[in-house]
Number of protein chains: 2
Amino acid sequence: MSKEITSRSTDYSQWYNDLVIKGGLADYSAVRGCMVIKPYGFSLWENMRDTLDKMFKDTGHVNAYFPLFVPKSLFEAEEKNAEGFAKECAIVTHYRLKNDPSKKGALMVDPDAKLEEELVIRPTSEAIIWNTYKNWIQSYRDLPLLINQWANVVRWEMRTRLFLRTAEFLWQEGHTAHATAKEAVAETVQMLNVYADFVENWMALPVIKGVKTENERFAGAVDTYCIEALMQDGKALQAGTSHFLGQNFAKAFDVKFSDKENKLDYVWATSWGVSTRLIGALVMAHSDDEGLILPPKIAPQQVVIVPIYKGEEQKAKIDVKVQDLVKQLKAMGVRVKYDDNDNARPGWKFAEYEMKGVPVRIALGLRDLENNTVELARRDTKEKQSVSMDGLAERIVQLLADIQQSIYNKALAYRDSHITQVNTWDEFVNTLNEKGGFVSAFWDGTSETEDAIKEKTKATIRCIPLDNPQEEGVCVFSGKPAKQRVLFAQAY
Amino acid sequence: MSKEITSRSTDYSQWYNDLVIKGGLADYSAVRGCMVIKPYGFSLWENMRDTLDKMFKDTGHVNAYFPLFVPKSLFEAEEKNAEGFAKECAIVTHYRLKNDPSKKGALMVDPDAKLEEELVIRPTSEAIIWNTYKNWIQSYRDLPLLINQWANVVRWEMRTRLFLRTAEFLWQEGHTAHATAKEAVAETVQMLNVYADFVENWMALPVIKGVKTENERFAGAVDTYCIEALMQDGKALQAGTSHFLGQNFAKAFDVKFSDKENKLDYVWATSWGVSTRLIGALVMAHSDDEGLILPPKIAPQQVVIVPIYKGEEQKAKIDVKVQDLVKQLKAMGVRVKYDDNDNARPGWKFAEYEMKGVPVRIALGLRDLENNTVELARRDTKEKQSVSMDGLAERIVQLLADIQQSIYNKALAYRDSHITQVNTWDEFVNTLNEKGGFVSAFWDGTSETEDAIKEKTKATIRCIPLDNPQEEGVCVFSGKPAKQRVLFAQAY
Ligand SMILES: [Zn+2]
Ligand SMILES: [Zn+2]
């Protein structure tokens, strides 16, 4: 199997697919629009998931698990939410197969096993969860309820991309219930900040925090907060959302609580989620034409050691040195692999680990042993140097931290140089066409203008940044008065 | 809400449901046969899952994720597997809802969005996984392939019980591929031993290892290995299975590899799984009429500390002592909670933690402070004693280990006293009716006899124990010659 990768300049989209598949992250499956997450990709997801899970628990949340299925009558209860997801729902209608009399060995859906009420496979779980919360919440003493769920969800998509847009994907969805609007908004913002912290400090990807316009809001939310990141092709990617749901779901499912004065009121809600889509963002933001570049903090392997030798005697000498180093690194919490598989040549291994984005590669041969050195190579910049074995473990730990910071800085510099203020429609269009990235422009605040701009340029309002300055201006499209600039971009 | 529990002697089945619901482990949902796993229950599952996951990784396995959906044509490829699961499959037939013109606000399945090929929601993933392995395995160098998946699966059940039998449940399923039958059998046995280790040493539940008869074998397996545990009502429960699948799936999905001599052969397979059903086993094996009894090693909370005080001044003094103890316990890896919520009285808290099965409870009031003591209570035996605060943390760690062992010993004594050798049909029936447990009896080796016994007594052959002695005997039912005793029981 060839490991050649299409270059970004030749075909960015093919480059992305090549990386995902040849880097061992995911594979297509026999099911339309569904992917297989391969072991290397899943190990990356485990690191991301475990880090986020700890952050959720540190902010007082607990995990639970709710059913995969949503009965149609519950699904339709919150009207806007139902309307928003109705067109992309997988529906279970039957609960049994039987032998197909027309074809030996074949099965067919048993028409006698039709469900009385169809079941929607959750595209998101507000409906089933709020129907449950109804039984769990009576009094202010039951609040706040701070629950998260790690789950698979299904949204039927006509055009799919590995990780970025698949019919089934893995995610977490937080669903919280509060006594006041203020507390619920504070929770919404807190979780947005948790996401931003994770994406910036673990995934090394700078984000812009903001709120969505009505057009881009989650179906059923009062406000959708988001973090937006920029990919190397100048397109934006929504990396996480946190929704203030007001009392919409409490009203749809009749969830009331009695407050300290024994007065009944509807409960206030939030929901927030990130998904395996983040892996797509990670790939597109940092990688290069030789393969993946993974931030050390979440890389499945942080360091790989490749021995270069002829014969068992040399190998034995190298083993001794390496085993000592591996032991030191593991004690310092480093994820290290010694690849002494002798079915593959060092050059092949170098290319393989470059492809897989292992942040640090160490190679050592007989000359190194004699000189008490190793060759130390970093994946992100491809710099190589010969360094002493003395103090090597400490040096590697420091290097991993440097690489993490360096990957972030690079993405930040790119992002910052791709936020362009424009004041005319020509500038707007030219910037999108020639430079890409975020375009900061005055907008008159109407959905009509937003729709018209999307129609003409495929750009949407990614967000109204938090603490956005309010200023007098003229809408870049309609020429009508505008109160603030917002960020437009083409997006994944 | 009353927390009263039905006693085991009054109604064992109701006792179980009471514990699960009032103990905060799970709840019924609006979806027929599906449960909600509540935060306390999910925290227990997280501990079980994380422990098993580490064991799987320590034995060389990696995690991956495969699609929820199995296209019908793949599902039916391995004929016995398909036949075994066809009658309990949830089937997706459509991918869109639309507005129901006959009823405002209602949705209906869009008949124009019918799938060309129906999708089965995985009841188990051999089909979708082996269809993928076909692309991953070419040569002996690709073997063994040692992959596990944590996932939800759906098996439509007419009569459901929380945790024990639900339409959707959570589980892990290992799927491995090997170059030889010998390696695959060794893997099957290795994973059986991993399960036995986990269930005995973490869940404190003794198991019998054995193989299933053809009647009870996994659909599509050559051999099914199992571990069987005994519940307090004398019924058996299958706690985990590990299957040697031979080349059945490799043949169904045409998965061949070239060996070192470049000869093509079908790949050998195993699969193995345990599920949230284990939580049901845990509850039924150890708990009593006051609530759950959880083994310390997997209990969400191992120690709870309840202060007894009047007024803030007393509380402040207690706080100082407790905070010091909590810090010490946490440093020793103990999961400890200080419950100083002043909305609930100590007596209410005692009952609540008894219900939830927290292994150790510490209470302390002003007198204790003066005497430098605390009251130390263990959940399993309900023994209480006043002990010194000196060396308390070490004492607690030792106590947790003692409780773990003691719970196991109790379950073992019960299990061992409920394996009864019988030699006549009368003894067989009487033992089942009057004593329950495992009945060790000669069996003629035929499915007909097995079926007839099941028909008459509801007892099935739970397993043929590993290393079962071969001896001459007479079948307890048919009177025909028999080569060995096997273990019968009524089972969950
Ligand atoms: Zn540029
Ligand atoms: Zn008994």
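Both backbone and side-chain heavy atoms feed into the values below; hydrogens, waters and symmetry mates do not. Every chain is numbered from 1, with letters handed out A, B, ... down the list of sequences.
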- prompt: Below 4.5 Å, heavy atoms only, C-beta onward: do A/Phe66 and B/Asp27 meet side chain to side chain?
  reply: no

message: What's the separation between atom CH2 in B/Trp150 and atom CH2 in A/Trp150, rounded to the nearest 0.5 Å?
response: 16.0 Å

- prompt: Strictly by modelled atom types, are B/Glu168 and A/Tyr65 linked by a side-chain donor-acceptor pair under 3.5 Å?
  reply: yes

query: Any luck finding a side-chain donor-acceptor pair between B/Trp45 and A/Asn63 under 3.5 Å?
result: no

- prompt: What residues of residues 111-126 of chain A sit under 4.5 Å from chain B when you count only heavy atoms?
  reply: A/Leu115, A/Glu118, A/Leu119, A/Val120, A/Ile121, A/Arg122

- prompt: Would a distance-only check, ignoring hydrogens and angles, find a side-chain to backbone donor-acceptor pair under 3.5 Å from A/Lys87 to B/Leu97?
  reply: no

- request: Heavy-atom distances under 4.5 Å only: say whether A/Leu107 touches chain B with side chain, backbone, both or neither.
  value: both

field: Residue part contacting chain A, namely of B/Leu74, when any heavy atom lies under 4.5 Å
entry: side chain

query: Do the non-hydrogen side-chain atoms of B/Tyr95 and A/Met158 ever get within less than 4.5 Å of each other?
result: yes

query: Do you know which of A/Lys98, A/Lys38, A/Met35 has the most heavy-atom pairs with chain B at a distance under 4.5 angstrom?
result: A/Lys38

message: I'd like to know which of B/Ala30, B/Ala82, B/Cys89, B/Pro71 tops the heavy-atom pair count under 4.5 Å against chain A.
response: B/Cys89

query: Parallel, tilted or perpendicular: which fits the ring planes of A/Phe69 and B/Trp156, with parallel below 30° and perpendicular above 60°?
result: tilted

- prompt: Heavy-atom distance under 4.5 Å between the side chains of A/Pro39 and B/Ile147, does that happen here?
  reply: yes

query: Closest heavy-atom contact between B/Glu79 and A/Gly105?
result: OE2-CA, 4.5 Å

statement: Most contact-rich option vs chain A, by heavy-atom pairs under 4.5 angstrom, among B/Val92, B/Thr276, B/Thr166, is B/Val92

message: What I'd like to find out is whether the side chain of B/Val36 reaches to under 4.5 Å of the side chain of A/Trp136, using heavy atoms alone.
response: yes

- prompt: Any Lys/Arg nitrogen of B/Glu76 or A/Lys103 sitting under 4.0 Å from an Asp/Glu carboxylate oxygen of the other?
  reply: no

- line: Looking only at heavy atoms, the pair that brings A/Pro67 and B/Val31 closest together is CB-CG2, 4.0 Å

- request: With a 4.5 Å cut-off on heavy-atom pairs, point out which of B/Asn135, B/Val109, B/Val70 contacts chain A the most.
  value: B/Val109

message: Quick one, B/Thr93 with A/Ile91, criterion side chain to side chain contact (heavy atoms under 4.5 Å, CB included). Give me CA distance, side-chain angles, the key distance, then yes/no.
response: CA-CA 6 Å; B/Thr93 56; A/Ile91 321 282; 5.6 Å; no

query: Side chain, backbone, both or neither: which part of B/Asn99 has an atom under 4.5 Å from a heavy atom of chain A?
result: neither

Residue, of A/Val154, A/Ile128, A/Asp110, A/Asn152, that accumulates the most heavy atom pairs under 4.5 Å with chain B: A/Asn152

message: At a 4.5 Å cut-off on heavy atoms, which part of A/Phe75 comes close to chain B: side chain, backbone, both, or neither?
response: side chain

message: Counting only non-hydrogen atoms closer than 4.5 Å, does A/Lys57 touch chain B with its backbone (N, CA, C, O), its side chain (CB onward), both, or neither?
response: side chain

query: Which bit of A/Glu83 comes within less than 4.5 Å of chain B, counting heavy atoms only: side chain, backbone, both or neither?
result: neither

